[in-house]
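Below, chain A is the first sequence line, B the second, and so on; all start at residue 1.
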There are 2 protein chains.
Amino acid sequence: MFEGSKPKVDDVARLAGVSTATVSRVLNTPERVSEKTRKKVGAAVEELGYTPNFGGRYLASQTSRTMGAIIPTMENAIFAKGIQAFQEVLADAGITLLISTSSYDHEQEFENIRTLIGQGAEGLLLIGTARPQSTYDFLARRNIPYVIAWNHRWDGKHLYVGFDNHAAMRELTQTVLEMGHKDIAMIAGPTQFNDRIEDRIAGAKAAIEEVEGAQLILKSCASNYSPSLAGQAFAELMQLNHKPSVILCSNDVLAVGAIMQARKMNISVPEDISITGFDDIDIAEIVTPTLATVHVPHGRMGQAAAGLLLKMRAGDTNNKSIKLSTNTVVRNSLRHYP
Amino acid sequence: MFEGSKPKVDDVARLAGVSTATVSRVLNTPERVSEKTRKKVGAAVEELGYTPNFGGRYLASQTSRTMGAIIPTMENAIFAKGIQAFQEVLADAGITLLISTSSYDHEQEFENIRTLIGQGAEGLLLIGTARPQSTYDFLARRNIPYVIAWNHRWDGKHLYVGFDNHAAMRELTQTVLEMGHKDIAMIAGPTQFNDRIEDRIAGAKAAIEEVEGAQLILKSCASNYSPSLAGQAFAELMQLNHKPSVILCSNDVLAVGAIMQARKMNISVPEDISITGFDDIDIAEIVTPTLATVHVPHGRMGQAAAGLLLKMRAGDTNNKSIKLSTNTVVRNSLRHYP
DNA sequence: TTAATTTATGTAAGCGATTACATCTAATTT
DNA sequence: AAATTAGATGTAATCGCTTACATAAATTAA
């Protein structure tokens with residue numbers, strides 16, 4: 001009780017009157033130990049409050065039962081649900097998840113990858129594809145299984161567990177076009193470290209090019225998760241002579257920023273202008289008017305990513321990317337034009 | 001490049017033509033190595049893409065440079081900002097953060113604690129005080145530094161980095177009372193694993209008892225983070241003969257649930273009824289009407305918790321709890337009565 | 001009953017790093 | 001120039017655990 005130091009296998013072994021090997025077996029392969037000793041050892045473990053030291057275990061067994069996830073930020077709800085689901089599946093399989101955030105920075109992401117690998121991560125969840133080739137080379141050289149989530153491409157370069165941002169945005173845009181909109185603006189954050197946004201922009205463009213007379217005004221926003229910067233972008237769009245009738249935002253956070261700004265400026269949505277988002281996070285249904293957006297199955301994506309990594313960890317080499325479907329959700333922020 | 005196996009100190013040492021001890025010194029105490037060898041070793045590390053193995057390092061040095069945080073859930077934005085700040089401070093100090101979620105379950109939290117300690121966590125961030133004594137005993141026996149965040153009590157039992165939920169709720173309630181409300185309802189989630197909610201309820205009661213003729217109807221909600229269950233609780237309150245003029249919700253998520261339900265039922269907030277929340281997360285300003293709530297400095301709390309744990313890790317034993325101040329934010333969902 | 005097999009347990013060699021201590025070289029002092 | 005000291009590097013023990021192999025005990029077969 002007053003011993004600050006942690007009990008070790010030897011302590012447990014001594015108390016239970018067995019060898020350290022037996023203690024280890026009880027912990028790792030209980031079926032190989034007789035009922036009787038199993039109980040003795042169990043009692044000793046309990047009494048001492050023993051927890052195996054990860055370092056020793058990892059070193060000896062060469063397996064860490066650990067995986068890593070690197071997300072751009074936790075502040076944004078976009079990743080929360082997916083990561084939560086990811087973690088739950090791993091926890092059920094007895095795997096600990098290490099999470100770190102890269103702040104949308106390649107160097108920091110690389111540092112995080114190094115650290116996680118050093119910590120013994122047996123698999124990595126990465127968000128999106130945009131990162132230097134050197135990072136991929138590092139991963140390949142080390143032979144670390146990883147999956148790319150939140151996006152899906154057909155390039156066959158990586159294992160994806162995500163959705164087709166291009167197709168999803170294209171579909172949403174088609175819906176918008178069918179409603180009669182021709183003058184379409186888009187507020188999107190930086191694409192430099194964010195392939196998802198890049199694909200969404202391309203998807204919108206593709207849809208618009210198919211319709212005669214429709215045109216896109218692309219307005220960039222300095223951040224992908226700052227409602228106030230999106231509000232600023234909205235305000236600038238409203239100063240144009242030829243105003244758009246709808247604004248597609250690259251995600252829900254920006255869309256909400258735009259809606260809030262519209263309210264401030266006494267511009268009513270959707271009467272004066274329609275606004276759409278992407279992701280369908282909680283706020284999409286909370287904001288007034290409710291936000292038309294693209295629904296993304298975040299939970300299922302996290303689960304699928306975990307499942308895939310677990311399979312890879314088990315040695316399964318014949319794995320395929322998983323494409324999840326999204327769907328356009330029309331809500332009050334979007335209406336027919338005129 | 002094609003070697004799947006990870007390079008080890010020996011590999012680096014061989015390539016650089018030095019001993020493993022020197023490689024280790026370059027990595028950990030570079031000032032003890034001559035400029036020349038430092039460069040040689042650095043080049044070798046670079047060429048091999050070497051990352052020290054955590055297990056070996058931890059075992060030998062007895063220091064993991066790792067801390068753990070256990071939060072009830074990630075789905076709820078309530079913890080995101082604080083944890084993000086916590087992680088940033090740790091990362092700056094070169095400490096890796098391990099995060100796991102307990103789903104508001106004591107057993108699972110205990111399991112997580114064991115795992116994190118096994119992983120070498122040198123400090124733990126826990127949310128709130130409500131957990132079995134046995135968990136605290138375990139922590140004490142192992143001599144693991146921990147801080148309790150998201151709450152602050154004067155009992156001197158733990159190191160807190162948080163705010164006084166009781167006082168904060170009391171202050172909000174006083175504001176409500178000063179606006180003339182007498183019939184006050186409160187929607188609160190389960191208190192069983194959640195001391196913060198318990199304190200908030202007590203705080204509201206304390207304020208109400210001070211005012212003659214004021215009374216509290218406590219309506220419990222089966223979850224602390226389900227807007228729809230809060231909506232249900234709201235609907236039930238609306239069936240009372242003697243309806244309250246204001247509903248205090250134990251957090252913003254529940255408050256938003258109540259507001260949404262009110263809208264569905266064609267009850268207007270705040271004309272027909274006022275609603276308040278707690279936490280001041282993003283949605284408080286997004287929802288219509290904007291939500292009156294208690295502002296909590298989540299970011300500063302995370303930073304302070306990290307700072308405190310770092311100090312404890314450095315051996316500083318004379319640490320004190322940190323109480324952060326909150327403030328009542330009156331917004332449109334709350335108005336004078338009548 | 002003895003031999004063969006199965007099952008349970010123990011012994012001891014690593015796993016990959018760090019670090020106390022020893023050694024060697026170079027710089028400084030006397 | 002010899003003696004002392006400081007600085008750089010190497011040698012080898014060590015951290016806590018797992019596991020291949022060896023051994024002992026229990027069971028089954030012959």
Side-chain angles (χ1 to χ4, degrees), chain A residues 3 5-42 44-45 48-66 94 114-115 117-122 142, chain B residues 3 5-42 44-45 48-66 96 114-115 117-122 142:
Chain A
E3 290 286 6
S5 74
K6 303 173 191 171
K8 304 163 200 312
V9 249
D10 304 76
D11 301 321
V12 177
R14 203 173 314 120
L15 182 61
V18 298
S19 74
T20 61
T22 300
V23 174
S24 178
R25 280 187 209 105
V26 171
L27 265 35
N28 300 297
T29 50
E31 69 279 6
R32 299 205 175 165
V33 179
S34 74
E35 176 80 24
K36 212 175 62 185
T37 36
R38 212 185 305 161
K39 276 192 177 160
K40 266 195 309 191
V41 172
V45 166
L48 295 172
Y50 170 74
T51 306
N53 175 294
F54 170 78
R57 185 171 242 190
Y58 173 33
L59 214 46
S61 69
Q62 300 291 44
T63 156
S64 66
R65 303 199 72 80
T66 283
R114 279 180 90 108
T115 306
I117 290 177
Q119 299 260 1
E122 301 179 46
R142 291 307 198 74
Chain B
E3 290 285 7
S5 73
K6 301 172 191 171
K8 306 166 196 315
V9 249
D10 304 75
D11 301 322
V12 177
R14 202 172 318 119
L15 183 61
V18 299
S19 74
T20 61
T22 299
V23 173
S24 179
R25 279 188 209 104
V26 170
L27 262 36
N28 300 295
T29 49
E31 69 280 6
R32 297 203 176 164
V33 179
S34 74
E35 175 80 23
K36 211 175 61 184
T37 36
R38 211 185 307 161
K39 274 192 179 160
K40 263 194 311 189
V41 173
V45 166
L48 296 172
Y50 170 72
T51 306
N53 175 294
F54 171 78
R57 185 172 240 186
Y58 173 34
L59 214 47
S61 69
Q62 302 290 40
T63 156
S64 67
R65 304 198 71 80
T66 283
T96 305
R114 280 179 90 107
T115 305
I117 290 177
Q119 299 260 2
E122 302 179 44
R142 291 309 198 72

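Rounded to an integer number of Å, the gap from CZ of Arg57(B) to P of dA17(C) is 9 Å. For the pair Lys39(A) NZ and dA8(C) P, the computed distance is 15 Å after rounding to whole Å. Computed from coordinates, the Phe54(A) CZ to dC15(C) P distance equals 18 Å when rounded to whole Å. If you take CG of Leu59(A) and P of dA13(C), they are 17 Å apart, rounded to a whole angstrom. Note: CG (Asp10(B)) to C1' (dT18(C)) measures 13 Å, nearest angstrom.
Each of Arg32(A) and Pro52(B) was matched to the nucleotide of DNA chain C holding its nearest heavy atom; the match closer to the 5' end belongs to Arg32(A). Comparing Gln62(B) and Arg38(B) against DNA chain D, the residue whose closest nucleotide sits nearer the 5' end is Arg38(B).
Residue Val23(A) is out of contact with every strand shown, counting any heavy-atom pair closer than 4.0 Å.
In this structure Thr51(A) satisfies the side chain to side chain donor-acceptor pair (under 3.5 Å) test together with Arg142(B), sequence neighbours excluded. Considering only residues two or more places apart in sequence or on other chains, Glu35(A) meets the side chain to side chain contact (heavy atoms under 4.5 Å, CB included) condition with Arg38(A), Lys39(A). Residues passing the side chain to side chain donor-acceptor pair (under 3.5 Å) test with Thr20(B): none are found, sequence neighbours excluded.
Among all heavy-atom pairs drawn from Ser64(A) and Ala121(A), the shortest one is OG-N, 4.2 Å. Residue Tyr50(B) comes nearest to Leu27(B) through the heavy atom pair CE2-CD2, 3.5 Å, listed as atom of the first residue, atom of the second, then distance. Across all their heavy atoms, Ala44(B) and Ala16(B) have their closest contact at CB-CB, 4.0 Å.
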Would you list the atom pairs, donor with acceptor, under 3.5 Å between side chains in residues 52-62 of chain A and any protein atom, with sequence neighbours excluded?
unit_1	atom_1	unit_2	atom_2	d
Asn53(A)	OD1	Gly55(A)	N	2.7
Asn53(A)	OD1	Gly56(A)	N	2.9
Arg57(A)	NH2	Asn28(A)	OD1	3.0
Ser61(A)	OG	Arg57(A)	O	2.8
Ser61(A)	OG	Thr63(A)	N	3.3
Ser61(A)	OG	Thr63(A)	O	3.3

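With the end axes of the helix from dT1(C)-dA30(D) to dT30(C)-dA1(D) each set by five pairs, the angle from one to the other reads 40° at 10° resolution.
Of the residues Val26(A), Val41(A), Val33(A), Val12(A), the one that meets the side chain to side chain contact (heavy atoms under 4.5 Å, CB included) test with Val18(A) is Val41(A).
Pairs of residues two or more places apart, or lying in two chains, that qualify as salt bridge (Lys or Arg N to Asp or Glu O under 4.0 Å) and include a residue from residues 13-27 of chain B are Asp11(B)-Arg14(B).
The phosphate of dA17(C) (OP1 or OP2) has a side-chain N or O of Tyr50(B) nearer than 4.0 angstrom.
The nucleotide range of DNA chain D contacted by chain A, defined by atoms under 4.0 angstrom from heavy atoms of the protein and reported 5' to 3', is dG16(D) to dA20(D).
Here NZ of Lys40(B) is found 7.5 Å from OG of Ser34(B). Values are rounded to the nearest 0.5 Å.
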Can you give me the N/O atom pairs linking the protein to nucleotides 19-25 of chain C at distances under 3.5 Å, or say none if there are none?
none

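There is no side-chain donor-acceptor pair under 3.5 Å between Thr66(B) and Gln119(B).
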